[in-house]
Chemist: 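Okay, here's the structure, questions in a sec.
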Amino acid sequence: MSRLGAAGMETLAVIDFETTGMSPGQGARATEIAVVLVCDGRIVDRYQNLMKTGAYIPPFIEELTGISNAMTRNAPAADKVMREVADFVGGYPLVAHNAAFDKKFWDAELARAGKARQQEFTCSLLLARRIYPNAPNHKLGTLVRYAQVPEAGRYHRALADAEMTANLFLRMEEELIRRYRLDSVPHALWQAIQATPKNKLEACVERFRGND
DNA sequence: TGCCAGGCCCTCTTTAGGGCCTT
């Protein structure tokens, strides 16, 4: 499901988690979440909150993110934040950089809040590998510089990373429209590109155009 | 006890291994 914005464009929710580790299956918990809504080629709304889970943040992660144990101790409860952010996102399609990571935490933290995911994720990392195959690598920071996307604050804070992911996504949209002379890039085409083999981007777009 | 992510994607591949990405 995707709702339409004022100009008839689809709205997408770009999400980023900061966490205590790599996997909720190993006990890692979220420490911060941000979502930016993208519609009609721009960011139209934002949500950001630290969240208190009681999980210990290792020193390495405190250093990486700038989010300390003291900060999360005074944050609102994780289940309350997750219910709020789920209401904010609604049924909009979700986008994240390396979505497999954020999807694990989205599902795990939502479940703890008594809710379930309503929509699929689109991965800006998989899209970037297809659209920018010649980038030095496909880390978010590298792609921001490679695609000349404005930096939005400190890397590894949720809102800054979500905004940069959103701006990277919008830049990739512009690139596809320019390269293949499209009117727009509907969500279904993003999903098709993500699922297509890495060296078959052009064929994927042409097939979609033919079916459109 | 000891270990501990996991999906994508390339290649010296498919009866597999290892780097890339996310915190």
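By convention in this document, chain letters (A, B, ...) are assigned in the order of the sequence lines, proteins followed by strands, and residues within each chain are numbered from 1. No experiment lies behind these values; they were computed from the predicted model shown.
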Chemist: Would you please confirm or rule out a distance under 4.0 Å between OP1 or OP2 of B/dT23 and any side-chain N or O of A/H156?
Modeler: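 Indeed, a polar side-chain atom of A/H156 lies that close.
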Chemist: For nucleotides B/dT15 and B/dG19, find the distance between their C1' atoms and express it as a whole number of Å.
Modeler: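 To the nearest whole Å, 22 Å.
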Chemist: Below 4.5 Å, heavy atoms only, C-beta onward: do A/R145 and A/E151 meet side chain to side chain?
Modeler: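 When only atoms from C-beta onward are counted, A/E151 and A/R145 do touch, with a gap below 4.5 Å.
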Chemist: Could you measure between the two C1' atoms, the one in B/dC8 and the one in B/dT14, and give it in whole Å?
Modeler: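 Per the computed distance, 16 Å lies between those C1' atoms.
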Chemist: Hey, can you pull the donor-acceptor pairs under 3.5 Å for the side chains in residues 13-20 of chain A, sequence neighbours left out?
Modeler:
| from | atom 1 | to | atom 2 | distance (Å) |
| --- | --- | --- | --- | --- |
| A/T19 | OG1 | A/G21 | N | 3.3 |
| A/T19 | OG1 | A/G21 | O | 2.5 |
| A/T20 | OG1 | A/R29 | N | 3.0 |

Chemist: Rounding to an integer number of angstrom, what distance separates B/dC4 and B/dT22 when you compare their P atoms?
Modeler: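 The same atom, P, in both gives a distance of 22 Å.
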Chemist: Look at the side-chain N and O atoms of A/K198 and state whether any lies under 4.0 Å from the OP1 or OP2 oxygen of B/dC10.
Modeler: yes
Chemist: Can you check the A/F121 CZ to B/dG7 P distance for me, whole Å?
Modeler: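 Atom CZ in A/F121 sits about 14 Å away from atom P in B/dG7.
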Chemist: Across the strands shown, which category fits A/D16 at heavy-atom distances under 4.0 angstrom: base, sugar-phosphate, nothing?
Modeler: sugar-phosphate
Chemist: In plain terms, say whether A/D107 and A/K103 are close enough for a salt bridge, that is, a side-chain N and a carboxylate O under 4.0 Å apart.
Modeler: no
Chemist: What is the distance, to the nearest angstrom, from the CG atom on A/L125 to the P atom on B/dC8?
Modeler: 11 Å
Chemist: Looking at the side chain of A/H97, which of B/dC20, B/dT22, B/dA5 is the nearest nucleotide?
Modeler: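 The answer is B/dT22.
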Chemist: Where the side chain of A/R130 is defined as all heavy atoms beyond and including C-beta, which of B/dC9, B/dG6, B/dA5 is the nearest nucleotide?
Modeler: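 Taking heavy atoms from C-beta onward, the closest nucleotide is B/dC9.
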Chemist: Find the distance A/W106:CH2 to B/dG6:C1' and express it as a whole number of Å.
Modeler: 21 Å
Chemist: Just the rounded figure in Å: distance from C1' of B/dT23 to CD1 of A/I15.
Modeler: 14 Å
Chemist: Is A/R171 paired with A/E175 through a side-chain N to carboxylate O contact shorter than 4.0 Å?
Modeler: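 No salt bridge links A/E175 with A/R171.
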Chemist: Kindly point out which of B/dT22, B/dA5, B/dG7 is positioned nearest to the side chain of A/A100?
Modeler: B/dG7
Chemist: If you check the A/S23 side chain, which of B/dA5, B/dT22, B/dT23 turns out closest?
Modeler: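 Nucleotide nearest to A/S23's side chain: B/dA5.
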Chemist: If I take atom CZ in residue A/R129 and atom P in nucleotide B/dC10, what distance separates them, rounded to the nearest angstrom?
Modeler: 8 Å
Chemist: Classify A/F17 by what it touches in the nucleic acid, base, sugar-phosphate, or nothing, heavy-atom distance under 4.0 Å.
Modeler: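 If one applies the 4.0 Å heavy-atom cut-off, A/F17 turns out to touch the sugar-phosphate alone, with no base involved.
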Chemist: For A/P136 and A/T196, take the nucleotide of DNA chain B holding the closest heavy atom to each; which residue's nucleotide lies nearer the 5' end?
Modeler: A/T196
Chemist: Taking the same atom, C1', in B/dC12 and in B/dG6, what whole-Å distance lies between them?
Modeler: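 Going atom to atom, C1' in each nucleotide, I get 25 Å.
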Chemist: Whether A/Q26 contacts B/dA5 is assessed here as follows: a side-chain N or O lying under 4.0 Å from the phosphate OP1 or OP2. Is that the case?
Modeler: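 Affirmative; the distance criterion is met.
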Chemist: Would one find a side-chain N or O of A/R29 under 4.0 angstrom from OP1 or OP2 of B/dT23?
Modeler: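 No, outside the criterion.
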Chemist: Once you round it to whole Å, what is the distance between C1' of B/dA5 and CG of A/D107?
Modeler: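 Value for this atom pair: 15 Å.
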Chemist: Rounding to an integer number of angstrom, what distance separates B/dT1 and B/dC20 when you compare their C1' atoms?
Modeler: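 Taking atom C1' in both B/dT1 and B/dC20, they lie 32 Å apart.
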Chemist: With sequence neighbours left out, which residue pairs that include part of residues 46-63 of chain A fulfil the salt bridge (charged side-chain N to carboxylate O under 4.0 Å, His left out) condition?
Modeler: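 Sorted result for residues 46-63 of chain A: A/R46-A/E163.
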Chemist: Figure out the CG/P separation between A/L64 and B/dT23, and round it to whole Å.
Modeler: 7 Å
Chemist: Run the salt bridge (charged side-chain N to carboxylate O under 4.0 Å, His left out) test on A/R83 and A/D79 for me, step by step, so that the C-alpha distance in whole Å, both residues' side-chain angles and the decisive distance to 0.1 Å come before the verdict.
Modeler: CA-CA 6 Å; A/R83 283 193 289 271; A/D79 59 343; 3.6 Å; yes
Chemist: Using the P atom on both, measure B/dT13 against B/dG18 and round to a whole Å.
Modeler: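 Looking at atom P only, B/dT13 and B/dG18 are 13 Å apart.
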Chemist: Roughly how many Å apart are B/dG2 and B/dC21, using the C1' atom of each and rounding to a whole number?
Modeler: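 Roughly 27 Å separates the two C1' atoms.
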Chemist: Please tell me if A/H138 has a side-chain N or O lying less than 4.0 Å from either OP1 or OP2 of B/dC20.
Modeler: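 Checking A/H138 against B/dC20: no side-chain N or O falls below 4.0 Å of OP1 or OP2.
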Chemist: How long is the line joining CG of A/L126 and C1' of B/dC9, in whole Å?
Modeler: 10 Å
Chemist: Regarding A/N199, tell me which of base, sugar-phosphate or nothing describes its non-hydrogen contacts under 4.0 Å with the strands shown.
Modeler: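 Answer is nothing: A/N199 stays at 4.0 Å or more from every strand.
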Chemist: Taking the nucleotide of DNA chain B with the closest heavy atom to each, which residue, A/T20 or A/K104, is nearer the 5' end?
Modeler: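 Looking at the nearest nucleotide for each, A/K104 comes out on the 5' side.
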Chemist: Tell me, yes or no, whether the heavy-atom count around A/K139 atom NZ, taken from other residues, nucleotides or ligands under 6.0 Å, exceeds 12.
Modeler: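 No - once you tally the heavy atoms of other residues, nucleotides and ligands closer than 6.0 Å, there are 12 at most.
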